[in-house]
There are 2 protein chains.
Amino acid sequence: MPEAASPSSRRPPRARYRELTLREIKDLAWEQVAEGGGAALSLNSIARRMGLTGPALYRYFANRDALLTELVREGYRGLAEAVDAAVPGAGEADPELRLRAFVHALWTWSAEMPHRYLLLFGAPVPGYAAPEDTFEQAFRPMAVLFDVLAELPPGPAETRAVSGGPLRDQLAGWVDARGGEPLPPEVALRAVRCWARLHGLISLALVGQFTATGVDPEEVLRVELDALLAGH
Amino acid sequence: MPEAASPSSRRPPRARYRELTLREIKDLAWEQVAEGGGAALSLNSIARRMGLTGPALYRYFANRDALLTELVREGYRGLAEAVDAAVPGAGEADPELRLRAFVHALWTWSAEMPHRYLLLFGAPVPGYAAPEDTFEQAFRPMAVLFDVLAELPPGPAETRAVSGGPLRDQLAGWVDARGGEPLPPEVALRAVRCWARLHGLISLALVGQFTATGVDPEEVLRVELDALLAGH
DNA sequence: TTACGTTCGTTATAGCCTGTAACCAAAGAA
DNA sequence: TTCTTTGGTTACAGGCTATAACGAACGTAA
């Protein structure tokens, strides 16, 4: 068995060819997603663009959903890599800067590839249910957020919210179901708030709810982030 | 011309019949949307459920998008009515209570009819562009939010954010493009923040991003709302 | 009452899609 | 050189949108 070194080199030609066509299919699929969203994906039209007939693609993907799943997987991977690359390590910058880098990375990633963002976090494609393991992938950016926020002192809003009510236990259950290092629930709460605020503004912006208003959503995001950093 | 009193009574039978079938089509359409989202809408299958053949429905709607547009219109109308009904008038309750009523109304509405919420505020159905006037409808709940928040003293976060930078003018331009009574930009900003936080949590919840965590998004919403009411 | 236009349904058809079945050619391995 | 696996083909079933051509029934008006 070849060591699976670099993807499509140093491999028996058959396997090499297969990888190349798989790549070509997925590239064209991303194009379609970029143009019309996940529901616009069509195996037939991809095949046509490749100079093949429709059924040929069923040698590579069991069905449309399988291709979609692969795209979702790649999407999560790409997002995680983008975030990892953009956020400086724990020792390289102060936590506030790291947080701003995180937010900025997610913002620009979604702005540059809106349909990709919507594919991962938007309305589910009808009839399609993402497999379990994609959720795991989805957690990678959140883990970065945990890591960054753990360095900041918890704000009064979080400490108060966690002191009473059901949230404390829910958050605790979540973080240690995730394994890894223990994390105070205040930090987890702040991460959720950060994520939700960011997602809210991103998705409203992507759908175009801001265009008619003349308000720059990124400015609003700045306000929200400042408030969060101030501990509220 | 009949006075268009109650929709389908006191009308020539032909028109009456037409209204009834229109209603039946839209009801079945809502059923389909409830089951599979906007993209699952199929004129053909609606016709079948009505005991008709596909092309018959083209006497009632020019095409699939026309039906979808009608649903979007009805959706916005229904949401606006739900909000209007749930939020007490300016004299009937203190502003904080009114705001909580607003948030609760939107939350429950989206929870009860998730696909309807996603149809209005989620990813656009591929190939479909909502007509201009639906955006106007979309503003009605926001107007209520304006009305409620205008009664509350502006918080430090908003006053600071509006004192410098481009946000002040953007918000001002927005509110008086909307006409109606003049509104300080701080209030508009708080409305946007409230809306975005709410939308973020709602859409994450609807897509199921919270299910795996065990965290109750409504609790997080409470935290976010408290912070906003505290002026942050 | 009869004649006529409008409305609402039908069937037929074109063109897209997903997905399966049956078949065939070429590539690699034994 | 044979024989299996792989990757393509065509044919087909069934779904969808949408248009065209046609017919029946409704309601009106002579």
Side-chain angles (χ1 to χ4, degrees), chain A residues 1-2 8-29 31-33 35-71 124-129, chain B residues 1-2 8-26 28-29 31-33 35-72 124-129:
Chain A
M1 187 190 290
S8 56
S9 62
R10 261 309 173 199
R11 251 189 147 75
R14 212 69 184 260
R16 181 185 145 81
Y17 176 69
R18 188 171 180 82
E19 276 174 18
L20 286 177
T21 44
L22 272 172
R23 188 65 262 156
E24 188 179 357
I25 293 171
K26 286 188 273 184
D27 286 344
L28 289 171
E31 272 182 36
Q32 294 200 340
V33 168
E35 286 161 18
L41 194 68
S42 151
L43 285 180
N44 243 301
S45 109
I46 291 175
R48 215 177 308 118
R49 292 198 205 180
M50 293 176 70
L52 298 181
T53 63
L57 296 203
Y58 288 83
R59 299 282 179 200
Y60 296 89
F61 292 95
N63 49 40
R64 216 192 74 123
D65 281 5
L67 172 54
L68 212 48
T69 299
E70 187 56 31
L71 293 189
V125 174
Y128 170 75
Chain B
M1 188 192 289
S8 58
S9 61
R10 259 312 171 198
R11 251 187 147 75
R14 213 70 185 259
R16 180 185 147 79
Y17 176 70
R18 188 173 180 81
E19 276 176 16
L20 287 176
T21 43
L22 272 171
R23 188 65 263 156
E24 188 179 358
I25 293 171
K26 286 188 276 185
L28 289 171
E31 270 182 36
Q32 294 200 341
V33 168
E35 286 161 18
L41 193 66
S42 152
L43 285 180
N44 242 303
S45 110
I46 291 175
R48 215 178 308 118
R49 292 199 206 180
M50 292 175 71
L52 300 180
T53 64
L57 296 204
Y58 287 82
R59 298 282 177 200
Y60 297 89
F61 292 95
N63 49 42
R64 215 192 74 123
D65 281 5
L67 173 53
L68 212 48
T69 298
E70 187 57 32
L71 293 189
V72 169
V125 174
Y128 170 75

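Convention: sequence-line order gives letters A, B, ...; per-chain numbering from 1.
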Work out which heavy atom in [X] is nearest to a heavy atom in [Y]; give both atom names and the distance.
{"X": "Tyr58(A)", "Y": "Asn63(A)", "value": "CE2-CA, 4.0 Å"}
{"X": "Ser45(A)", "Y": "Ser42(A)", "value": "N-OG, 3.0 Å"}
{"X": "Arg18(B)", "Y": "Arg59(B)", "value": "NH2-O, 2.8 Å"}

Give a yes/no answer on whether the side chain of Asn44(B) brings an N or O atom under 4.0 Å of OP1 or OP2 in dG15(D).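 No, because none of the side-chain N or O atoms of Asn44(B) sits under 4.0 Å from OP1 or OP2 of dG15(D).
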Calculate the interatomic distance between [X] atom [atom1] and [N] atom [atom2]; express it in whole Å.
{"X": "Tyr17(A)", "N": "dG28(C)", "atom1": "OH", "atom2": "P", "value": "12 Å"}
{"X": "Ile46(A)", "N": "dC17(C)", "atom1": "CD1", "atom2": "P", "value": "11 Å"}
{"X": "Leu43(A)", "N": "dG7(D)", "atom1": "CG", "atom2": "C1'", "value": "16 Å"}
{"X": "Arg48(A)", "N": "dT10(D)", "atom1": "CZ", "atom2": "P", "value": "14 Å"}
{"X": "Leu68(B)", "N": "dA18(D)", "atom1": "CG", "atom2": "C1'", "value": "16 Å"}
{"X": "Asp65(A)", "N": "dG19(C)", "atom1": "CG", "atom2": "P", "value": "7 Å"}
{"X": "Arg18(A)", "N": "dA27(C)", "atom1": "CZ", "atom2": "C1'", "value": "15 Å"}
{"X": "Gln32(A)", "N": "dC16(C)", "atom1": "CD", "atom2": "C1'", "value": "13 Å"}

Indicate yes or no: at least one non-hydrogen side-chain atom of [X] is less than 4.5 angstrom from one of [Y].
{"X": "Thr69(B)", "Y": "Phe61(B)", "answer": "no"}
{"X": "Met50(B)", "Y": "Leu57(B)", "answer": "yes"}
{"X": "Asp27(A)", "Y": "Arg23(A)", "answer": "yes"}

5' to 3', nucleotides 24-30 of chain D under a 4.0 Å protein heavy-atom cut-off (B base, S sugar-phosphate only, - none) gives --BS---
Can you tell me how far the NZ atom of Lys26(B) sits from the OG1 atom of Thr21(B), to the nearest 0.5 Å?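 These two atoms lie 10.0 Å from each other.
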Closest nucleotide among [options] to the [X] side chain:
{"X": "Leu52(B)", "options": "dC16(D), dT10(C), dT9(D)", "value": "dT10(C)"}
{"X": "Arg64(B)", "options": "dT18(C), dT17(D), dT9(D)", "value": "dT17(D)"}
{"X": "Ser42(A)", "options": "dG7(D), dC16(D), dC17(C)", "value": "dC17(C)"}

Any chance you could lay out the side chain to side chain contact (heavy atoms under 4.5 Å, CB included) test for Leu67(A) and Ile46(A), step after step, and finish with the verdict? CA-CA 11 Å; Leu67(A) 172 54; Ile46(A) 291 175; 4.0 Å; yes
Nucleic acid contacts - residues 54-63 of chain A versus DNA chain D, non-hydrogen atoms under 4.0 Å: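 Contacts with DNA chain D under 4.0 Å: Pro55(A), Ala56(A), Arg59(A), Tyr60(A).
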Criterion side chain to side chain contact (heavy atoms under 4.5 Å, CB included) on Leu41(B) and Leu71(B), from CA distance to verdict: CA-CA 11 Å; Leu41(B) 193 66; Leu71(B) 293 189; 4.2 Å; yes
At 4.0 Å (heavy atoms only), tell me whether Thr21(B) reaches a base, stays on the sugar-phosphate, or touches nothing.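 Here Thr21(B) touches no strand at all.
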